[in-house]
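Heads up, the thing below is written out as structure tokens.
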Amino acid sequence: MTLRVRGLRKEFGGRTVLDGLDLDVAPGEFTAVLGANGSGKSTALRCVVGLETPTAGEIEVDGRAAMVFQKIHLVGRRSALDNVCAGALARLPLRRSLSPLLFPRTLREEAMACLDRVGLADRAAEPASRLSGGQQQRVAIARALCQRSTLLLADEPVSALDPKAAEQVVALLAALALDGLAVVAVLHQPSLARHHAGRIVGLLDGRLDLDAPASAVTDHDVDRLYAPDRAAVPAE
Amino acid sequence: MTLIREPGPAPAPPGRRLPSATVWLTLAVLAAAHVLAWQGTGFSLTALAQGWRGMASFLGDALPPDFDWETVLQPSLKAAAVTLYIGLLGTTLSIPFALVLAVLAARVTAYGTTSYQAARSLLSFLRSVPDVVFALIFVTAVGLGPFAGVLALVVHNTGVMGKLWAEAMEESDPGPREAMRVLGASRLQTALHAVLPTVLPQLVGLLLYRFDVNVRASLVLGLVGAGGIGFLINQSIKLFRFDQMATHILVVLVLVIAVDQLSALIRRRIAP
Ligand SMILES: Nc1ncnc2c1ncn2[C@@H]1O[C@H](COP(=O)(O)OP(=O)(O)OP(=O)(O)O)[C@@H](O)[C@H]1O
Ligand SMILES: [Mg+2]
């Protein structure tokens, strides 16, 4: 398993946001996470990459976890390539890491291959801020690849993108999973999730309420995640 | 909650709220402070009225200004250039010190509590001692002249610019910093690859603003013997040559306006 989560709990000032989460993700698996606003999706992902400290529970990652965000977080004035190179900061010797001018040639080549994988090799020299939202998100994904990650977490990677760019980015995530990467992506578009992901998990009030192959997930399953009180009323 | 409702009058808006007791108390304290300040500074309209005669004769002596090229205007322009140089070096030479201290003193890039506290205290100290005081100290150390002025500005400006830069870094978008944390970058790498490139336009804007301020400050430093046109103004007052002083002041006016316009222009250009 690339990711193994057991009994993950997170409280913010006494309020329970994650209430005992168990989740296994295998290499090559594309898991989409659905859930209403405030159900704890971001918190769960942030716990996995260490941006939040869990109150209790175990998290094991086999290899390295990378994360991309809805608000992309590239350095706009730097080139796409330099942004991708930053993915390697943790493994560079300090003195070669202080400025993009000092990045080793081998790293620039590796970063170029990552950009090529997301289809943006021809925009390598462009400042990130000049790329479209969808292209920027793909640069962020290339940066995650340059991190040599085995697990890619994506928190609403396409919520700010137009439908076509969103489709492209989610398709890219699916393709990367086919390469063997474990992908966990929070999506607010159930249709995208069902079309591209292999597996869908649903969070409801900090608990796993749904975990099924994407092909087996019904509209009713999805409705229950977003409107629990109404779905609880027995159907006529 | 339902957002679809029957047509009909909306509920009445809540009543106006009168200023609270806190607001009245604040106003009363402010008024009292002004009465004390009025007395404490010997503020007197009668003294001002009686002094108009002195002002008039002063103006009479100053006008017309003495524009003699050899003895007044040329030295004035040369000294103005020195003033400009003092402001320039005083600003640029403080860049490395201000940058290091700002990184150490900004919560988002700080290394540890000790260096954070030390950097904060040093910046506050440098900022709270006026540049004129530093100038007087350096004049006794390296002698009268522009060099003392440069040193004074470097020291004081490090304090002010370091604080402004640290604040700009703290207000920078936390997103790129989080991205760096996730990919395992060190604090130094985060500062170099996420914080500084994001706030660079703000840092340059503040640098230009400080250059503008420092050129004006270097005038005052000249008054205490640290070179430049301020020194000439001081001399002409001591010699009662108010007509020469008027020329120097006109030159200063042109210099200050030029620097102000230039830095405003560049700041507009680099605005993010
Ligand atoms: N740093 C924090 N401090 C306090 N409460 C927090 C913090 N971060 C998240 N929360 C709370 O935890 C709950 C879950 O938040 P989270 O961001 O994980 O939800 P989400 O499922 O990602 O929702 P969304 O779809 O809106 O992104 C929310 O009620 C939120 O207010
Ligand atoms: Mg979220």
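Per chain, numbering begins at 1; letters A, B, ... match sequence-line order.
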Roughly how far apart are A/Lys71 NZ and B/Asp173 CG, rounded to 0.5 Å?
5.5 Å
Residues A/Arg78 and B/His193: side-chain donor-acceptor under 3.5 angstrom:
yes
Do the side chains of A/Arg46 and B/Glu178 get nearer than 4.5 Å, heavy atoms only?
yes
Residues in residues 184-192 of chain B near chain A [non-hydrogen atoms, under 4.5 Å]:
B/Gly184, B/Ala185, B/Leu188, B/Gln189, B/Leu192
Below 4.5 Å from any heavy atom of chain B, which atoms of A/Ala86 appear? Answer side chain, backbone, both or neither.
both
Closest heavy-atom pair, A/Leu74 versus B/Pro176, reported as atoms and distance to 0.1 Å, is O-CG, 4.3 Å
So, for B/Pro201 and A/Arg77, which heavy atoms are closest and what is the spacing to 0.1 Å?
CG-NH1, 3.3 Å
Spacing of OG1 belonging to B/Thr198 relative to NE2 belonging to A/His73, to within rounding of 0.5 Å:
11.0 Å
Once salt bridge (Lys or Arg N to Asp or Glu O under 4.0 Å) is applied, what residue pairs with a partner in residues 134-154 of chain A remain, sequence neighbours excluded?
A/Glu110-A/Arg148
Measure distances from A/Ala88 to the heavy atoms of chain B and classify the residue's part below 4.5 Å as side chain, backbone, both or neither.
neither
Side chain from CB out, backbone as N, CA, C, O: work out which of these in A/Ser99 comes under 4.5 Å of a heavy atom of chain B, or both, or neither.
backbone
Check the surroundings of atom OH in B/Tyr116: do more than 12 heavy atoms from other residues, nucleotides or ligands lie under 6.0 Å from it?
yes
Answer yes or no: does atom CZ of B/Phe97 have more than 12 heavy-atom neighbours from other residues, nucleotides or ligands under 6.0 Å?
no
Residue A/Arg130 excluded, over 12 heavy atoms near CZ under 6.0 Å:
no
What do you reckon, is CZ of B/Phe125 surrounded by more than 12 foreign heavy atoms closer than 6.0 Å?
no
